[in-house]
Amino acid sequence: MMLDGCTPWPAEFADRYREAGHWRGETFSSLLRSRAADFGSRVAIVDGDRRWTYAELDARADAVAAGFASLGIGRDDRVVVQLPNIAEFFEVVFGLWRIGALPVFALPAHRSAEIGYFCSFTDAAAYVIPDTFGGFDYRDLAKEVPGPRNVIVVGEEGPFTSFESLRHASPTDLAEPSSSDVAFFQLSGGTTGVPKLIPRTHDDYIYSLRGSAEICGLGEDSVYLGVLPIAHNYPLSSPGVLGALYAGSRVVLAPVPSPDVVFPLIEREGVTITGVVPPLALVWLRAAENTTHDLSSLQVLQVGGAKFSAEAAARVRPVLGCTLQQVFGMAEGLVNYTRLDDQDDVLVHTQGRPISADDEIRVVDKDGNPVAEGETGHLLTRGPYTIRGYYKAAEHNAIAFTADGFYRTGDLVRLTSNGYLVVEGRAKDQINRGGEKVAAEEVENHILAHPAVHDVAVVAMPDEFLGERTCAFVVLADPAAGVGVRELREFLRGRGLAAFKIPDRVDFVPEFPRTGVGKVSKAELRVAIAATPRPASRALPDPERT
Ligand code: OOB
């Protein structure tokens, strides 16, 4: 039985995916067990000076599973996991998988607004955090979040439960889940007032890992570097750290993505493949032009999460001496890759093609009719690792999915004659801030909570470095009241909103342009921004403030 609030694939599809050999009955727990049996003494995880073998990771997962069980956590219990790129991430999630508990993958950048929502919406049994990371104390955050029965801290526990204590519990009988069960929740980039949760099963996710690992050529000699926050679907599974473990490769963790940390790590560990977002690729390309570090082990640089410009894409091979792989994916499922042996023209100008022959792609107009071949339209998809519904979101699901189960991605694409996708734009109300997704409505709701605000519209503004930044147009209830940009930003931080969602630019306007039917015309607001770009000095400089 699938967890309440989740939408299973119809039986005929599930049968087909099993018959095709996509869904093989593996679980994350059985997967780790089998890798530990096959090559236990090989190194699985490298984090700084720590090197854990597959056998060690397997044993640690057993111990921690018992530890979680001793806190009364078990099958189908939701556990919000907010950990950076540290080895314990794996201990925690494989430990939870071993008892059939379900990680909810929060990002290190999330704050009390998001975490509070995840904990209450999923009725979380526990919340797992580091003590501090990136200068931020997560124990302070935990104190602000009402709800989870247990807060578990990796490091100095303060008033909470220490993770270390879970490592010493006595083994219990583990009631392992079945492969068709939900294994965890990913978060959607979102278009609505609150983030949506994405239930992924062992069967569907492991299929996407296996497919990804094959496409990316991962094997026992590969070394995957986890650079982006590994809780995100892309570095987690495309092929990411889990695809690397699936293939018996070695996973190396980077604590931060800057070249001064990452380049020495690539050299020291002989990294062969890693995945970044376009702004980070730009930073690396610039730094690589005069680095003294030997990056020659790097065979593949994946770039995805947002559109990578063709100009930058063309520089990857000349500058880094490795193959570019474009990745166009989504936490809801579908992932497209350029293939390693594709011609340069395809690598540079397309966002790849789906993992699976059973990924169904439709490109349609606004009425849902197929567009002419090669024309741009809305991307719909259905397949063996694309969800059929968000968690406990029946009303939204009726809009986000077609009656026959296709997910409306909100992306505007065209298909090339050889079946590759080119991303041409977006129809959904979302800002893609260098790969970090910001749902306009979510930010609007927070701004509307300010007593001086009458109305607000949040839209994307073009940005050379991040691709897009966030701009909030605000109509004040009483313009004479004189609320400033700084105060509004402070207000949003005070509400516990993640820093990457705080608008980069705030414009106070007397009223909004309206469409024929009286709705706010975001299209016109976007045009207004493009017509009045801010001088660079007034734009916020950094993606680093996130
Ligand atoms: C990845 O996942 P999400 O869930 O954070 O965001 C999905 C959305 C897509 O619908 C699309 O709008 C955008 O991000 N996107 C791209 C892109 N890759 C993702 N837009 C243009 N070009 C690309 N290459 O971002 C994600 C998940 C798995 C693998 C890779 C990325």
Side-chain angles (χ1 to χ4, degrees), residues 105-107 109-110 185-192 195-198 200 204-205 208-209 211-213 215-216 226-243 274-281 301-310 312-313 316 324-338 346-355 359 361 376 378-381 385-387 390 400 406-414 420-440 460 466-468 498 500-501:
F105 285 118
L107 298 173
H110 286 137
F185 293 93
Q186 271 287 339
L187 307 176
S188 91
T191 53
T192 52
K196 294 279 173 287
L197 282 104
I198 298 170
R200 303 288 303 254
D204 91 75
Y205 211 64
S208 81
L209 299 181
S212 298
I215 288 166
C216 300
V227 176
L228 302 172
I230 56 176
H232 185 273
N233 192 58
Y234 167 29
L236 189 65
S237 68
S238 306
V241 291
L242 294 179
T274 186
V276 299
V277 287
L280 190 55
L301 179 72
Q302 302 184 290
V303 183
K307 181 90 180 235
F308 194 36
S309 77
V316 169
L324 164 69
Q325 179 176 57
Q326 295 216 35
V327 189
F328 163 40
M330 52 209 72
E332 286 80 359
L334 180 70
V335 183
N336 304 278
Y337 297 98
T338 55
V346 174
L347 297 183
V348 167
H349 292 286
T350 82
Q351 280 65 58
R353 61 182 165 86
I355 294 174
D359 281 320
I361 296 286
T376 297
H378 300 257
L379 171 64
L380 311 184
T381 186
Y385 60 97
T386 297
I387 57 162
Y390 293 103
F406 279 77
Y407 168 56
R408 299 182 203 273
T409 66
D411 292 312
L412 297 174
V413 302
R414 75 185 155 78
Y420 281 65
L421 290 164
V422 178
V423 181
E424 296 287 4
R426 189 174 340 111
K428 56 189 165 189
D429 200 7
Q430 185 183 79
I431 294 97
N432 190 336
R433 199 175 176 280
E436 288 183 310
K437 312 304 180 319
V438 181
L466 289 182
E468 294 176 8
F500 70 88
K501 297 180 188 169

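Note that ligands are numbered from 1 as they come in the structure, with each ligand's atoms numbered from 1 the same way. Computation of the quantities below employed the complete heavy-atom set of this structure, encompassing side-chain atoms and omitting hydrogens, waters and symmetry-equivalent molecules.
Between F500 and H110, the two ring planes are tilted [angle within 30° to 60°].
Checking side-chain atoms of Q430 against main-chain N and O of G190 turns up a donor-acceptor pair under 3.5 Å. Of the possible donor and acceptor atoms, none in the side chain of N336 sits under 3.5 Å from a partner among the backbone N and O of Y420. A donor-acceptor pair is defined here as one N or O able to donate and one able to accept, closer than 3.5 Å; no such pair exists between the side chain of E332 and the backbone of T386.
Distances between N or O atoms of G305 and those of ligand 1 include at least one value under 3.5 Å. Among the atoms of V327, some N or O lies under 3.5 angstrom from an N or O of ligand 1.
Only the backbone of A306 comes within 4.0 Å of ligand 1, counting heavy atoms alone; no side-chain atom from C-beta on gets that close. If you look at D411 next to ligand 1, the close heavy atoms, those under 4.0 Å, all belong to the side chain. With a 4.0 Å cut-off on non-hydrogen atoms, N432 touches ligand 1 through its side chain and not its backbone.
For ligand 1, the atoms sitting less than 4.0 Å from at least one non-hydrogen atom of N233 are 27 (C), 28 (C), numbered in the order shown with element in parentheses. Here is the list of ligand 1 atoms found below 4.0 Å of a heavy atom in S238: 28 (C), 29 (C). Heavy-atom proximity to K307, at under 4.0 Å, picks out these atoms of ligand 1: 20 (N), 21 (C), 22 (N).
Within the structure, ligand 1 lacks Q186 among the residues with a heavy atom less than 4.0 angstrom away. The shortest separation from a heavy atom of K437 to ligand 1 is under 4.0 Å, placing the residue in contact. Heavy atoms of H232 come nearer than 4.0 angstrom to ligand 1 in at least one pair.
Pairing each heavy atom of L324 with each of A313, the nearest pair is CD2-CB, 3.5 Å.
Just one of L334, I198, D204 meets the side-chain contact (heavy atoms from CB on, under 4.5 Å) condition when paired with I387; it is I198.
In this structure, the protein non-hydrogen atom closest to atom 4 (O) of ligand 1 is A331 N, 3.0 Å. Nearest protein neighbour of atom 7 (C) of ligand 1, counting heavy atoms only, is G329 O, 3.3 Å.
Judged by distance alone, the side chains of D359 and Y385 do bring a donor and an acceptor atom under 3.5 Å apart.
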